[in-house]
Amino acid sequence: MSILVTGGAGYIGSHTCLELLNAGYEIVVIDNLSNSKLESLNRVSELAKTDFKFYSIDLLNKKALETVFSENNIEAVIHFAGLKSVNESIETPLHYYHNNVTSTLNLCQTMGKYGVKKMIFSSSANVYGETKCVPVTEEHPLNPINPYGRTKLIIETILRDLYISDHSWSIALLRYFNPVGAHESGRIGEDPNDIPNNLMPYITQVAIGKRDKLKVFGNDYDTHDGTGVRDYIHVVDLAKGHLKALEMVIPTTGIDVFNLGTGVGYSVLDLIKGYENTTSQKIPYIFTHRRPGDIDKCYADTTKATKKLGWTATKNLEDMCYDSWKWQKNNPNGYNE
Ligand code: NAD
Ligand code: WQD
């Protein structure tokens, strides 16, 4: 029996594939490589010292998807595939709704047809929208403020309705906070196609000299130093959370939702200082205006994941900064050697 990983060539997917292989799971990977490179999977294979099947297909192509289910004995699906840029989703909402929602419908229909009813879905802290109180529990009101976040909430709703209609499904909705860092080997990591939107990859590109300086978006937030506070989580901790979720989903039925974060909030300035101290690289920065749509602080209450999944993040800010830097330093052009 295999675990099907959609979007497995991507940032979080590749790290999770490696953890799955290291734990002895057999995997099958689907990715259309729209935001990733095949090289990430070559390196996963190299690190795990084992091979696995890869299908370069689009989840929107239902016929191709059926082939994967007919050719393999799939036990459960970890569904990472999706588009994830908030800005892009505002510019091209239909593309985002089509890619994220339609592909999930195709996936669920095909899973149902082949009797595969166990799924882990990559949701996001983005579904909470403006945080009313921190730390954020899973019960916090859901009010995403951009099309990307709304695709995630729509998919969560679809999966809940699916479970209501058929109680033999078993589904974990995982709401990630801010994934950063890279595998300790420095062989796999985050490889943004363009100018990074997110803070950590931007900082690493400043550190390596690809960008002059970081623009800190706002220093008048209601936080300890005026800059935005987030819950950064090491991608390997996050990947391990999926293995815990799998252990819950496989032997049971039901649907449940979990925050995956560290529970600790760091500001932009904390991250810059942490990066400088850990890597001895200077990160020049300037303060600019707030980025539209940003909130002052967001960090997770992770009690539920600890209690029900037996999972807690173990890596600290130093690990996150060090591993991001190691990946960037060893791969200045990402997977384009
Ligand atoms: P990523 O872009 O690196 O990985 C997503 C992968 O899905 C890519 O390899 C892409 O090529 C593939 N893909 C996209 N649409 C596809 C389709 N129609 N068919 C087949 N493959 C397709 O992103 P990531 O950071 O690894 O994120 C993985 C998941 O986690 C996404 O669903 C994302 O929305 C969610 N998430 C990410 C973050 C984050 O900050 N990275 C935070 C919360 C949630
Ligand atoms: C973090 C902090 C910025 C860049 C996004 C998505 C979220 C999830 C994770 C997918 C904020 C500040 C940033 C820069 C800066 N992804 N910043 N200068 O916005 O918390 O979350 O990624 O699900 O859904 O919205 O992450 O890394 O973009 O920003 O000052 O160049 O860094 O203002 O305070 P964010 P981020």
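Order of appearance sets the numbers: ligands from 1, and atoms from 1 within every ligand.
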Next item on the list: Answer yes or no: is there an ion pair linking E138 with R175, defined by an N-O contact shorter than 4.0 Å?
Entry: no
Check: With a cut-off of 4.0 Å, which atoms of ligand 1 are near a heavy atom of L33?
Finding: 11 (O)
Note to self: Go through it in stages, so that I can follow the logic: the residues are H242 and Y176, the test is ring pair (Phe, Tyr, Trp, His ring centres under 6.0 Å), and I'd like the CA-CA distance, side-chain angles, deciding distance and then a yes or no.
What the structure shows: CA-CA 11 Å; H242 292 74; Y176 315 151; 5.4 Å; yes
Note to self: Counting only heavy atoms closer than 4.0 Å, does ligand 1 sit against the backbone of N198, its side chain, both, or neither?
What the structure shows: neither
Margin query: Under 4.0 Å, heavy-atom basis, I'd like to know which part of N100 is in contact with ligand 1: side chain, backbone, both or neither.
Written below: neither
Notebook entry, point to check: Relative to atom 5 (C) of ligand 1, which among G13, S56, G8, G82 owns the nearest non-hydrogen atom?
Noted result: G82
Notebook entry, point to check: Quick one: does NZ or CZ of K304 land under 6.0 Å from the six-membered ring centre of F258, within 45 degrees of the ring axis?
Noted result: yes
Item checked: N/O donor-acceptor pair under 3.5 Å between S267 side chain and G228 backbone -> no
Note to self: Give the atom numbers and elements of ligand 1 that come within less than 4.0 Å of a heavy atom of G10.
What the structure shows: 3 (O), 4 (O), 9 (O), 26 (O)
Item checked: Sidechain N-carboxylate O distance under 4.0 Å for R187, E46 -> yes
Check: Between N259 (side chain) and V136 (backbone), is there a donor-acceptor pair under 3.5 Å?
Finding: yes
Checklist line | Close N or O approach (F80, ligand 1; < 3.5 Å) | finding: yes
Check: Taking the non-hydrogen atoms of I57, is any one of them nearer than 4.0 angstrom to ligand 1?
Finding: yes
Notebook entry, point to check: If you measure from atom 17 (C) of ligand 1 to every heavy atom of N32, V235, N126, N35, which option wins on shortest distance?
Noted result: N32
Note to self: Students should be able to answer this: which protein heavy-atom is nearest to atom 3 (O) of ligand 1, and at what distance?
What the structure shows: Y11 N, 2.8 Å
Check: Is K84 in polar range of ligand 1, meaning some N or O pair under 3.5 Å apart?
Finding: yes
Next item on the list: Would you mind listing which atoms of ligand 1 come within a distance below 4.0 Å of any non-hydrogen atom of S123?
Entry: 43 (C), 44 (C)
Next item on the list: Could you state whether V236 and L238 fall into the same hydrophobic cluster, counting links through intermediate Ile, Leu, Val, Met, Phe, Trp or Tyr residues with side-chain heavy atoms under 4.5 angstrom apart?
Entry: yes
Margin query: Using only atom types and a distance under 3.5 Å, with no angle test, would you say the side chain of N197 pairs donor to acceptor with the backbone of V86?
Written below: no
Item checked: Protein contact of atom 33 (C) of ligand 1 - nearest heavy atom, named by residue and atom, plus distance -> Y148 OH, 3.6 Å
Note to self: What protein heavy atom lies closest to atom 40 (O) of ligand 1? Include the residue and the distance to one decimal.
What the structure shows: P179 CD, 3.3 Å
Item checked: Test: R290 cationic atom under 6.0 Å from Y221 six-membered ring centre, within 45° of axis -> yes
Item checked: Name of the residue among D296, V268, D220, I272 meeting side chain to side chain contact (heavy atoms under 4.5 Å, CB included) with T227 -> V268
Note to self: Can you list every protein residue that has a heavy atom under 4.0 Å from any atom of ligand 2, sorted by chain and residue number?
What the structure shows: V86, S124, N126, Y148, N178, N197, N198, L199, L214, K215, V216, F217, G228, R230, Y232, V268, R291, D294
Next item on the list: From atom 36 (N) of ligand 1, work out which of Y55, F177, F121, Y176 has a heavy atom at the shortest distance.
Entry: Y176
Check: Do W327 and Y11 make the cut of ring centroids closer than 6.0 angstrom?
Finding: no
Item checked: Test applied, side chain to side chain contact (heavy atoms under 4.5 Å, CB included); reference residue, M320; option that passes from D237, N178, V180 -> V180
Check: Taking the side chain from N72 and the backbone from I74, do they hold a donor-acceptor pair closer than 3.5 Å?
Finding: no
Next item on the list: List the closest protein heavy-atom neighbour of atom 12 (C) of ligand 1: residue, atom name, distance to the nearest 0.1 Å.
Entry: D31 OD1, 3.3 Å
Note to self: Before you tell me yes or no, could you show the steps for E66 and K113 under salt bridge (charged side-chain N to carboxylate O under 4.0 Å, His left out), namely the whole-Å CA-CA distance, both residues' side-chain angles and the distance that decides it to 0.1 Å?
What the structure shows: CA-CA 9 Å; E66 288 227 9; K113 184 167 169 184; 2.9 Å; yes
Item checked: Protein heavy-atom partner closest to atom 15 (N) of ligand 1 - residue, atom, separation in Å -> N99 ND2, 3.1 Å
Notebook entry, point to check: ligand 1 versus K152, non-hydrogen atoms closer than 4.0 Å: side chain, backbone, both, neither?
Noted result: side chain
Notebook entry, point to check: Can A125 be said to touch ligand 1, with heavy atoms closer than 4.0 Å?
Noted result: no
Margin query: Is there a polar contact, in the sense of an N or O pair closer than 3.5 Å, between L59 and ligand 1?
Written below: yes
Notebook entry, point to check: Relative to the heavy atoms of S34, which atoms of ligand 1 are at a distance of less than 4.0 Å?
Noted result: 10 (C), 11 (O), 13 (N), 14 (C)
Checklist line | Atoms of ligand 1, numbered as shown, that sit under 4.0 Å from any heavy atom of S122 | finding: 29 (C), 30 (O), 32 (O), 35 (C)
Check: Sub-3.5 Å donor-acceptor pair from the side chain of T223 to the main-chain atoms of G226, do we have one?
Finding: yes
Next item on the list: Could you tell me whether the side chain of H15 and the main chain of H183 form a donor-acceptor pair under 3.5 Å?
Entry: yes
Notebook entry, point to check: Any sub-3.5 Å donor-acceptor pair from S70's side-chain atoms to T67's backbone N or O?
Noted result: yes
Note to self: Taking distance alone, with N or O pairs closer than 3.5 Å, would you say S103 contacts ligand 1?
What the structure shows: no
Margin query: Polar contacts were defined as any N/O atom of the residue lying under 3.5 Å from an N/O atom of the ligand; does this apply to I12 and ligand 1?
Written below: yes
Check: Is there at least one pair of N or O atoms, one from S124 and one from ligand 1, spaced under 3.5 Å apart?
Finding: no
Notebook entry, point to check: Hey, are K152 and E156 close enough for a salt bridge, meaning a charged N less than 4.0 Å from a carboxylate O?
Noted result: no
